[in-house]
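Each chain gets a letter, A, B and so on, in the order its sequence line appears, and its residues count up from 1. Every value quoted in this text rests on a predicted model; they were computed, and no experiment measured them.
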Protein chains: 2
Amino acid sequence: MRCAAAQRVSRGCALTVTIREVADAAGVSTATVSRALSGVQTVDPELVARVRESAESLGYRANRVARALRRQSTQTVGLVIPDITNPFFPAVVQAIERELRHDGLSLLLCDAGNDVDVEAELVRNLFDHQIDGLLISACDRIASRPAVQLAASRVPVLQIDQQTVAEVPYVGVDQADAMGQIIGHLRDQGCQSFAYIGPRPEIPTARERFDAFADRVKPVDPAAANRTYLGDSSIAWGHEAANRILADGPPPDAIVCANDQAALGALQALREHGVKVPGDVALTGFDDTVLATACEPQLTSVSQPLEELGARAVRELSAAIGQELRQPRSVLLEASLVIRGSSRRLPPTG
Amino acid sequence: MRCAAAQRVSRGCALTVTIREVADAAGVSTATVSRALSGVQTVDPELVARVRESAESLGYRANRVARALRRQSTQTVGLVIPDITNPFFPAVVQAIERELRHDGLSLLLCDAGNDVDVEAELVRNLFDHQIDGLLISACDRIASRPAVQLAASRVPVLQIDQQTVAEVPYVGVDQADAMGQIIGHLRDQGCQSFAYIGPRPEIPTARERFDAFADRVKPVDPAAANRTYLGDSSIAWGHEAANRILADGPPPDAIVCANDQAALGALQALREHGVKVPGDVALTGFDDTVLATACEPQLTSVSQPLEELGARAVRELSAAIGQELRQPRSVLLEASLVIRGSSRRLPPTG
DNA sequence: ATCCTCAAAGCAAACGATTGCTTCATCAGC
DNA sequence: GCTGATGAAGCAATCGTTTGCTTTGAGGAT
């Protein structure tokens, strides 16, 4: 008896063992092997044991490509993010990958490099891979919409952090609330005038932060509208913007930054001009990156629940993939203010 | 004439268009469509045009799962890294993904969470996906070997940054040379006694850095062997280790750290004890992360060519995947010393 | 003893592409 | 006009699973 496996071995190419070889070894059909191993159907327990044993001894592992073709489901999801070197993402990606694996799903990672055209191509490419679901953090508030909409018409899609299409569910962090916590804290510290440094609001979260700042500050300090400095997300822009603030007139009581990079750049510029933080100007960051604790004084910032963000996203998407009719649900998480030296002008009360 | 496409549409499930439908639309066989689109020469140019047009108008995109099954090649590579939140990796991952895409390959990302058992399972799982190649940065100098060896017996494998198996090619950065640059620089600055803070050498690069430090320093300062503080890769450990250094006796001229986190922690501890950097003690980091420029004084560090690392890795792997017989080649890149305030005790010469 | 039921296992058809082999037509050479 | 060469297009097998349908056989009811 020369079974397929034996033939392969004799030809020196036993690299992969197929279900056919397990079937031969166990003396049953491939159908029975499939059913025995997947445990769904009624298979004689004795046969199940024999099949298991054969599979084990041959080191059989099902070919997921073949299974995907037949089942019309790859158990794979795509993740498209704008820029993984943005310190926001690694922890989210890690949580996503871990949770997906926990659910038996695999991750195709794509980095759009902040380019909307690349992003659209990535989405198309992921569909060629027959992904079962898509997680996407869009590059652009407007220009990314067609890609997200196209995707949502074909598989369950969950927008991560950035909601560009209102109809498509998303998992994010309440930016307005977070900014509210910052302003509230600064007012508690006695600050009455404010400036804002951040990126141009090309992406939804940047816009939410900026809008929330404007909203909360207007009643107290209408002049703050003249002290908003919009550039990019770099340390350099924080530095530059702080220089402009100092050049434009007497500094405000507080400078609110839309990210830690900007706050750090601003801190360096203030120090160069001999402006004391928090004595002369209170300063706050956003995102609570590693930068926040690297400088002196350390930065008051807002910590976003990154792991939870990733985990919740996967939970929602995974549920939608499992049950045909279930649409993923949107989830809004809360950030938490982390108060450090850069904004502490008063001794803690109580 | 009711072609397959029309039937699907009428049943309301025209989600994907297959090669069959393109063939029907163009009035040819699927074989001809396949050949026309893949650019085989033996197809009448007129037919090629007709097929292209049909494919275009139907929005046909080849199903990569089906293609992979038939061609026995998924055009997909796996990447296994120990921990993407380690600031070393995001830039490398980004470069890898970009270069893979450029070569028409896709990336299955796996994060082992620094767990060797998880890592081994991830490799097995990637094989179930029929990956065409594997990039791996191993968790452990010893315990990761079986997984790497198993992988290398089946597909082209390239070790990234960490070489755990000597026979398997790798792309990395010359750690010993980098450490040599640091010691050379510190000696130029007049430092004669040294201490070392770093992680326990469980992974190859950590060991290389430590060994290189010991080698280069021994001729100048044999006592340095008593001032090596091995813990983990955290800011906290840098802080703790620096405290111990100060407690253990008069501080050395220089503290060499195996990463920026340790250097930052040490800097904070030294500041707390009123020890001046670089006046009393010179301090150096490693990896040139964002932390290096976040503190005051900024950290002298070693910048590794992360993008090049990723790009070279892909170039080698991709070539090996393309040509059956070609084994990837090992590549050793050079890091560059970035001198900043933390080690500058003398005015620059010249 | 015959028929019916029902469970268990196998046969074979998918899934959607690629590709070896065959067929068919055209054309040149004799 | 016949044969052979050449080239283009199609047929059908194939990749490795899964699964609908059929077959088989055992056991119970009549």
Side-chain angles (χ1 to χ4, degrees), chain A residues 3-5 7-8 13-51 54-55 58-76 127-130 132, chain B residues 3-5 7-8 13-51 54-55 58-76 127-130 132:
Chain A
C3 64
Q7 287 175 15
R8 280 178 177 238
C13 56
L15 286 168
T16 63
V17 25
T18 70
I19 200 172
R20 175 78 257 157
E21 287 146 32
V22 177
D24 287 352
V28 297
S29 71
T30 61
T32 301
V33 173
S34 176
R35 289 194 264 252
L37 294 180
S38 70
V40 288
Q41 293 259 353
T42 50
V43 179
D44 186 328
E46 193 211 327
L47 270 194
V48 171
R50 215 162 80 209
V51 167
S54 301
L58 290 173
Y60 171 72
R61 306 207 104 214
N63 181 329
R64 299 187 68 147
V65 173
R67 171 179 293 170
L69 180 60
R70 171 64 221 219
R71 284 207 186 148
Q72 298 291 78
S73 155
T74 54
Q75 299 292 95
T76 288
F127 280 121
D128 296 345
H129 278 280
Q130 312 291 114
D132 287 347
Chain B
C3 65
Q7 286 176 14
R8 280 178 178 239
C13 59
L15 287 167
T16 61
V17 24
T18 70
I19 200 171
R20 174 79 256 156
E21 286 146 32
V22 177
D24 287 353
V28 298
S29 70
T30 62
T32 301
V33 174
S34 176
R35 289 194 264 253
L37 294 180
S38 71
V40 172
Q41 280 125 350
T42 62
V43 180
D44 186 328
E46 192 210 326
L47 270 193
V48 172
R50 215 160 80 208
V51 168
S54 302
L58 290 173
Y60 171 73
R61 306 207 102 213
N63 180 329
R64 298 187 67 144
V65 172
R67 172 180 291 170
L69 181 60
R70 170 66 222 221
R71 284 207 185 148
Q72 298 289 79
S73 154
T74 54
Q75 299 292 94
T76 287
F127 280 121
D128 296 345
H129 277 280
Q130 313 292 114
D132 287 348

Asker: Output yes when a side-chain donor or acceptor of Thr30(B) lies under 3.5 Å from a complementary backbone atom of Ile19(B), and no otherwise.
Answerer: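 Side chain of Thr30(B) to backbone of Ile19(B): no pair is present.
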
Asker: What residues from residues 59-72 of chain B pass a heavy-atom cutoff of under 4.0 Å to DNA chain D?
Answerer: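 Contacts with DNA chain D under 4.0 Å: Leu69(B), Arg70(B), Gln72(B).
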
Asker: To the closest 0.5 Å, what do you measure between CG (Leu69(A)) and CZ (Arg70(B))?
Answerer: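 Here the interatomic distance stands at 13.0 Å.
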
Asker: State the CZ-CG distance between Arg35(B) and Asp44(B), to the nearest 0.5 angstrom.
Answerer: 13.5 Å

Asker: Just how far, in rounded Å, is C1' of dA12(C) from CZ of Arg35(A)?
Answerer: 12 Å

Asker: Mind listing the closest non-hydrogen atom pair of Ala26(B) and Arg50(B) along with its distance?
Answerer: O-NH2, 2.9 Å

Asker: Among the candidates dG16(C), dT18(C), dA9(D), find the nucleotide nearest to the side-chain atoms of Val43(B).
Answerer: dA9(D)

Asker: Could you tell me whether the phosphate oxygens of dG10(D), OP1 or OP2, come under 4.0 Å of any side-chain nitrogen or oxygen in Thr32(B)?
Answerer: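 For dG10(D), OP1/OP2 do have a side-chain N/O of Thr32(B) under 4.0 Å.
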
Asker: Do any N or O atoms of the protein come closer than 3.5 Å to N or O atoms of nucleotides 25-28 of chain C, and which pairs are they?
Answerer:
none

Asker: How close do Gln130(A) and Thr74(A) get, counting heavy atoms only, and between which atoms?
Answerer: O-OG1, 2.8 Å

Asker: State, to 0.1 Å, how close Val22(B) and Val51(B) come at their nearest heavy-atom pair, and which atoms those are.
Answerer: CG1-O, 4.1 Å

Asker: Thr30(B) side chain: which of dA9(D), dT19(D), dT18(C) is closest?
Answerer: dT18(C)

Asker: Using every non-hydrogen atom in the two residues, find where Val43(A) and Ala36(A) come nearest and quote the distance to one decimal.
Answerer: CG2-N, 4.0 Å

Asker: Can you name the closest pair of heavy atoms from Gly59(B) and Val17(B) and give their distance?
Answerer: O-CG1, 3.7 Å

Asker: Main chain of Asp128(A), side chain of Arg64(B): is a donor-acceptor contact present, judged purely on distance under 3.5 Å?
Answerer: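 No; judged by distance alone, with no hydrogens or angles, the pair does not exist.
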
Asker: Under 4.0 Å, heavy atoms only, any strand: does Thr42(B) hit a base, just the sugar-phosphate, or nothing?
Answerer: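 If one applies the 4.0 Å heavy-atom cut-off, Thr42(B) turns out to touch the sugar-phosphate alone, with no base involved.
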
Asker: How close or far is atom C1' of dA17(C) from atom CG of Asp128(A), stated in whole angstroms?
Answerer: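 After rounding, the reported distance stands at 13 Å.
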
Asker: Can you find a heavy atom in the side chain of Leu47(B) that is under 4.5 Å from one in the side chain of Val28(B)?
Answerer: yes

Asker: In whole Å, I'd like the distance from the CZ atom of Arg20(A) to the C1' atom of dC11(C).
Answerer: 11 Å

Asker: Rounding to a whole Å, what distance do you find between Leu37(A):CG and dT18(D):P?
Answerer: 8 Å

Asker: Looking across every strand, which nucleic acid part, if any, lies under 4.0 Å from Val28(B) by heavy atom: base, sugar-phosphate, or nothing?
Answerer: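 Here Val28(B) touches the backbone only, sparing every base.
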
Asker: Can you tell me how far P of dC15(D) sits from CD of Glu21(A), to the nearest Å?
Answerer: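 Checked: the CD to P distance equals 11 Å.
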
Asker: What protein N or O atoms touch nucleotides 24-28 of chain D N or O atoms at under 3.5 angstrom, if any, and at what distances?
Answerer:
none

Asker: Check the distance between dT17(D)'s P and Asp24(A)'s CG and give it to me in whole angstrom.
Answerer: 13 Å

Asker: Rounded to the nearest 0.5 Å, what's the gap from CD on Glu21(B) to OG1 on Thr16(B)? Could you check?
Answerer: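 Nearest 0.5 Å value for the CD-OG1 distance: 7.0 Å.
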
Asker: Between Ile19(B) (CD1) and dA14(C) (P), how many Å, whole number?
Answerer: 18 Å

Asker: Between Thr18(A) and Asn63(A), is there a side-chain heavy-atom distance shorter than 4.5 Å?
Answerer: no

